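The structure displayed is predicted, hence computed values, not measured ones. In the text below, chain A, chain B and the rest are named by the order of the sequence lines, each starting its count at 1.
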Amino acid sequence: MPPSVSLGRSNRLGAGAVDAFAVLTRRSDITLVVALIVLIAFFAFTAEYFFTLRNLTNVLGQASLAMIAGIGVAIVFISGEVDVSVGSLQAAVAIPLIVIMNHTESLTLGLAGALALGLAIGVVNGYLSAYVGINSLIVTLGMLFVLRGGVYLYTGKTAIPDDVGLDSFFALGNESLFGVVPYPAVVAFVLLLVFMYVMRHRPFGRMVYAVGGNAEVARLAGYPVRWVKFVCFVISSLLATISAILLASRLGSAVHLSGLGFEFQVVAAVVLGGVSLSGGIGSLFGMALGVLILSFLSNGLGMLDLATEWQLVITGIIIIVAVAFDELKRRRA
Amino acid sequence: MPADLAVAEAPALALEMTGISKRFPGVVALNDVHLRLEPGKVHALMGENGAGKSTLIKILAGVYEKDSGTIRIGGREIEILHPSDALKRGIKVVFQEIALIAEFTVAENIFLEEYPVGRGGSIRWRTIRKEARALFERIGFDVDTDARTGALPVSQQQMVEIARALAHEARIVVMDEPSSSLTPNEVGLLFKVIRRLTSLGIAVLYVSHKLDEVFEIADTVTVLRDGRHISTRPIAEHTNDTLIQDMIGRRIETLFPRERGPASDRIALSVKNLSTAAKLKDISFEARAGEVVGFFGLMGAGRTELAKAIVGFDPISGGEISIGGKRLHPHDTRTAVSLGIGLLSEDRKGEGLMLELPVVTNLSLAALEEFARLGLIDESRERAAAQSFVDRFRIRTPSLEQPIKNLSGGNQQKVLLARWLMRGLSVIVVDEPTRGIDVGAKSEIFALIDRLASEGHAVVMMTSEMPELLGLSDRILVMAGGRITESFTREQATQEKVLNAAIG
Amino acid sequence: MVSEVSHPAGPGNAIGRLANNSQIVLIAVLVILCVGVSLAEPQFYSGANVIAILRQAALVMIVGAGMTMLLITAEVDLSVGASLAFVGVVAMDVINITNSVAIGSLAGIAFGGLVGLVNGFVVTRLKVNSLIATIGTMMILQGSVFLYSREAVQNHHHLAAFVDIGAGYVGPLPIPVIVAALFFAVAYVLLRHTTLGRYLYAIGANQKAARLSGIRAERLKLFAFVVTGLLVGVAGLVLVSLMNAGQPTAGRGFELTVVAAVILGGTSLAGGRGTLLGTLLGVLVLKVIDNAIILLQWNQDLQMIVPGVVLILATYLDLAKRRANAR
Amino acid sequence: AADTPKRIGYVVNYGTHEWYQNVIKGMKAHAAEIGATVEVKDANLDVAKEVSAAEDFIAQGVDVLIITPVNEEGVVPLLKRAKAANMPVVLEGNPVKGMTTMVAICDYDTGYMAGVEAGKYAKDHLGGVAKVMNVGLPLLSATVLRSNGFMDGIRTIIPDAKLVHDLDGGGNPDRALEVSTAALAQNPDINIIYGINDSSSLGGLQAWKAAGKSQDNLLVVGTGGEGLAFINAMEKEPSYKIEAAMFPEKEGYTTIDAAIALYQKKEVPEHIVSPTAPMMGDDWKKFYDVAGTTRTPKWDAINALTPPAKCMKTAADLKK
Ligand SMILES: Nc1ncnc2c1ncn2[C@@H]1O[C@H](COP(=O)(O)OP(=O)(O)OP(=O)(O)O)[C@@H](O)[C@H]1O
Ligand SMILES: Nc1ncnc2c1ncn2[C@@H]1O[C@H](COP(=O)(O)OP(=O)(O)OP(=O)(O)O)[C@@H](O)[C@H]1O
Ligand SMILES: [Mg+2]
Ligand SMILES: [Mg+2]
């Protein structure tokens, strides 16, 4: 029995998660919503500049990187596999993006290059895990090492600056829609809606849940189990690539250091969001809440001018307490 | 169209399997087996545990690939390489092991194979819920279609399995021990459904270890033994004895031997005013050494919960349990086992087997301390003991190292019972002990239970099988809604009385 | 019987044999590595270097022994790296205060055990999945170690015994290696030949079945966490002695090294499967690669790439062989 | 007097590191003198977090923003955005395209000067032989500069000084120890250990001791002088003779000066160099008082040091 956090599980799913309301009323998600509100309320009173439109939208922008990658990682988790390669992927795909832009002065080609590499990584992860059948933690952990090492080798451990400085590229990660909502937040929100819809209302989404819930049963139901898992890995890598592109824009370069430990952040958020490591359980909505909680936490604590060490301690405690609390409530009910 | 032509000139066969062979590491599961299904007829497939029934079905369903042989549907030879191939051709299977997504609602499980989608390709959830409810109403099964499937008891899950096979139109419906955890009432409903299917010209393949069912529903019977085809005859030509003779190659004198004398008056197990938060209310009973106490109840009556509570697996909200006068701490299996009470669970996979681990490890789990000195396991003694049980119970396994997941359902069950016999208990609680077990093994297990009792053990038996209830029990307690509603002595008890008590 | 070929049912632990057939691959990898590197760089098998490798391997092996048990029960502990650093800081500090290596060591080991106890409690009582729980404790430890001491705790008394823990020898053998060998032996017997060990496998394979058989699953998991914690304590002592100071920044990524070594050794993340011998081989392979790349004066970035590839490759080969055996 | 900034925000790249702990001490001390507060957000070596932290400060509307980049290139867009928000920015550490002013020690020069001293020492005590093991950190340009500087410096005295082993010690003590152990096992003839920070040099030295070698013909050179570690080592380890001190407190102090000037719209040079100096033997006593586990800088001595007007080499030179 693989370890599993079974949040988001309830004896009576509102009609297989028909409407958003049903999801909102899912017990574990409600916990997270409350947690998030409490958190924001707390900082609103304690941290002077926290509850300003400027800051709140900032946080949404900052959260979006983990949010976008989190969608993919969550989907892979739900399919019963894991993907921890997203951290190094962030550093890797930024290289073709910047290099190609520097040569061609074309953002489009740069994006294409980044997505191409992201796709390739996803295909390798997916092939080795789903078709060859190597444990996906091992595959993606290996990929994490290989990509990071590869980035260091290729760049000689220096950042590759964006020499072209296209405004469009700068805008991606640094400017805001109507000067209010940062574009990364917009991208994240759209992607979130799309995939929430797919996971709930498209047969593919349900296949992913079924495959993760019980691969054998899914196979008996005639599902192409391996293909489904394969696709999940590809989706994950492509979404991580999008987050990497936004990060690269915020950094104006391909930084060999970027994404260090990013996979930890994302996994923590995803699990906090109630997505089970054993597959088949969890919602993207919960994942999003998990990301937001951690982002607001780090922003708020920063606003309180708390030392890193305290921030680490508090974040750690909150993660544990949140999960424990939900687990408790689940067993009570 | 060639297809139509084929059908036209084909003999009136829905399915024809010929020369089917399948070997697994160390095992020949099927050896040149053939099977012919006629449209609108019920064909029973019988045989001992490990005879190859499920393997044959899984080949038909595209779960396993056959090593050799041909499959014809409507006269046309076809290859089935993946379950989807079978489904496409209208072969619907109710598998022996529950094959449902625990996290999905019942309704969604019903439509797993093909979600109804709208124009845009979105799933039409309302249709799913509506049609699922309608389906269950048609069949007459009482299941909450919006419940999380995993939260339902095995029995209800099995009904969902059955209903699912009927959701889409089919040509061939295969049922691998569909009734193993149904109560007589639901079996009746199941047969109604099967008759409706046959009336529509659908061919039904029905696997069961229950002779009475087969005689009631089947038109033809095929018997397998050790992976070989033994006989295919119209049911009319069979009697209980000939069928058993075919299945196990010998006759069984008495299914319910009774060597033991009257029970002693030493109280082995006493339960006083036991209640649980979930279901049980004020349960009190005693089991004396050398006595078999049978619990009957309709599905959901609370037998399993009672069983789990008295062996300390589940917490209790009130009352007390004592073994041989010593009081148990509630919710603590270790002291319970060391005081000599253990449970053979109804949920074989979930609460019994360590699927990936070898037979020997599964066998010796509870008795390990007895082979250990200062915590060090004497493996040769462990293996010797395990081997002796494998032989005594005629457990079919290529070796003690075989991962137990590769054994047939019945053989797995034997291993789990053996696990407790190795441990040597004073009170053994068995929940649906013969679920999915062949007549031969059944009679052995009945003999065993009888011997356990005669050796002074107390046996508490939860069962939905009327014959074994009446045949084995010294006393019968009937449960309904979490309470004990009636109690009969062996002499008083009749099928009618017991059933009425269970319903009322 | 249906049985045709019936395996020779020789003595020895069935689980052991189940997993052992995975080791041929690793042994081959290790041998090939050593031979190859030795040819390219004779310094590789110089006494000094062999000892260097063994000493580093010892550090990982000590913790790996505990981690193997944890993974077998289908749990994991990612806080070992952070705990490793903290143990060193505590031990050094206590030694400075008490001027006694014994007391300091006890304090360090006790601290490690305490962390294990907390992890175990959070997982078995609060029912928090161990991955997330130990990521949590990892953060807490990383933060609080700096709250405990902002800078490295220096060694004030320079007690000989303290230096010996990490750098000392008994005959030709470095003390850390002896310690590791000791724990390996104990853990090996425990996992392979004792009821306790067998129960750990059982819990990993099917916790409910184990409970029904009268096994206190939760307690044994707690035990595995505490053991891991104590072993981190021991490893922490070795490290602090080698560094001659309690370094709050030490141990970064140590948890990944340990987990990588254990799964490279063929221990299943799903629980119920794994051997200590595999872990030992996993540790050696990783450490030989690490060492070889320095000796060959290759770009040290390869110290990430090569292990990554080896991890995937070895697992694949093992898988392929398993499938072949199943034919 | 012109008005001074009240709220200064500092985005530090690696706030838990002793070096920056002391930089921050220096900042806060000086800020207190002018009645200002310094708020610190720690990127903790995470480039994404660095951008977020700066964003937050801009949202908080601090008067001046000080940034120590995790990576120079990674803050270019940030400067652009700060300009857009008229937020004066002081960089600490390395030059960045589009910056107004930067306070930095010269990493290359620091290593260079230490190298020269090391060369002299090797000439007098090691028979003119210099076989160097560099416990480096290729990850960061600053540390690469130090290593390069050290080798160039030592070669001015001993032209055939040899870089026997160029290691990536990860900048942390245990990794430094591990890689050094391997290198020393391979090259027993190494006689000089250079570390790009104290953790690295000490890691190298510990590896030497663990190999059971005597320190008689060994020279260890550390860099940073951030904490007590190097003082402890210089006191107790016979081979630990040279420390390329970088006076973090002074760096912090100078940074605040720059911040004030910038806030007051005064002319500020593009490069403000904070002094460094190699310390031999007991030299550290000139610059620090140590009581128990706290050290206090002797400002007179430190302020007396005259930094070079410009660095010999900067990160920009590495690109070539
Ligand atoms: N996946 C497998 N690997 C190895 N052996 C297998 C596998 N599946 C089945 N077997 C073996 O094949 C034989 C036939 O098993 P099968 O499940 O078909 O029996 P069955 O007739 O369904 O028995 P039961 O009535 O107990 O369900 C058994 O000996 C079983 O051990
Ligand atoms: N595995 C389970 N998970 C959740 N609820 C369960 C489970 N098993 C039983 N229940 C609930 O407890 C009630 C009692 O079920 P239980 O299995 O004890 O009754 P039973 O008489 O043993 O019926 P069965 O013949 O199904 O075992 C069921 O109606 C069901 O609602
Ligand atoms: Mg079967
Ligand atoms: Mg039951």
What's the verdict on side chain to side chain contact (heavy atoms under 4.5 Å, CB included) for His193(C) and Glu379(B), showing C-alpha distance, side-chain angles and the deciding distance? CA-CA 8 Å; His193(C) 296 297; Glu379(B) 272 155 17; 3.6 Å; yes
Using modelled atom types only, decide if a donor and an acceptor are shared between the side chain of Arg334(B) and the backbone of Ile215(C) within a distance under 3.5 Å. no
Report which part of Asp378(B) has an atom under 4.5 Å of a heavy atom belonging to chain C: side chain, backbone, both, or neither. neither
Residue, of Gly312(B), Gly375(B), Ala366(B), that accumulates the most heavy atom pairs under 4.5 Å with chain C: Gly375(B)
Heavy-atom pair with the smallest gap, counting every atom of Ala210(C) and Leu365(B): CA-CD2, 4.3 Å
Got more than 12 heavy atoms from elsewhere within 6.0 Å of NE2, His331(B)? yes
For Glu356(B) and Ser268(C): C-alpha separation, side-chain torsions, deciding distance, then whether side chain to side chain contact (heavy atoms under 4.5 Å, CB included) applies. CA-CA 11 Å; Glu356(B) 301 298 323; Ser268(C) 155; over 6 Å; no
In terms of heavy-atom proximity below 4.5 Å to chain C, should Arg419(B) be classed as side chain, backbone, both, or neither? side chain
Can you tell me how far CZ of Arg216(C) sits from OG1 of Thr333(B), rounded to the nearest 0.5 angstrom? 7.5 Å
Pair count under 4.5 Å, heavy atoms only, with chain C: among Leu343(B), Val337(B), Leu355(B), Leu368(B), highest is Leu368(B)
Stepwise, does the side chain to side chain contact (heavy atoms under 4.5 Å, CB included) test hold for Met354(B) with Tyr201(C)? CA-CA 9 Å; Met354(B) 302 183 286; Tyr201(C) 283 97; over 6 Å; no
Choice from Asp332(B), Asn362(B), Val311(B) maximising heavy atom contacts with chain C below 4.5 Å: Asp332(B)
Just so I know, are the side chains of Ser364(B) and Arg198(C) near enough to count as touching, which here means a heavy-atom distance under 4.5 Å? yes
So for Leu353(B), is it side chain, backbone, both, or neither that comes closer than 4.5 Å to the heavy atoms of chain C? backbone
Rounded distance (nearest 0.5 Å) linking atom CG of Leu190(C) with atom CG of Leu376(B): 9.5 Å
If I take atom CZ from residue Arg211(C) and atom CG from residue Asp314(B), how far apart are they, to the nearest 0.5 angstrom? 7.0 Å
Is a side-chain N or O of Asn206(C) found less than 3.5 angstrom from the main chain of Lys349(B), in a donor-acceptor match? yes
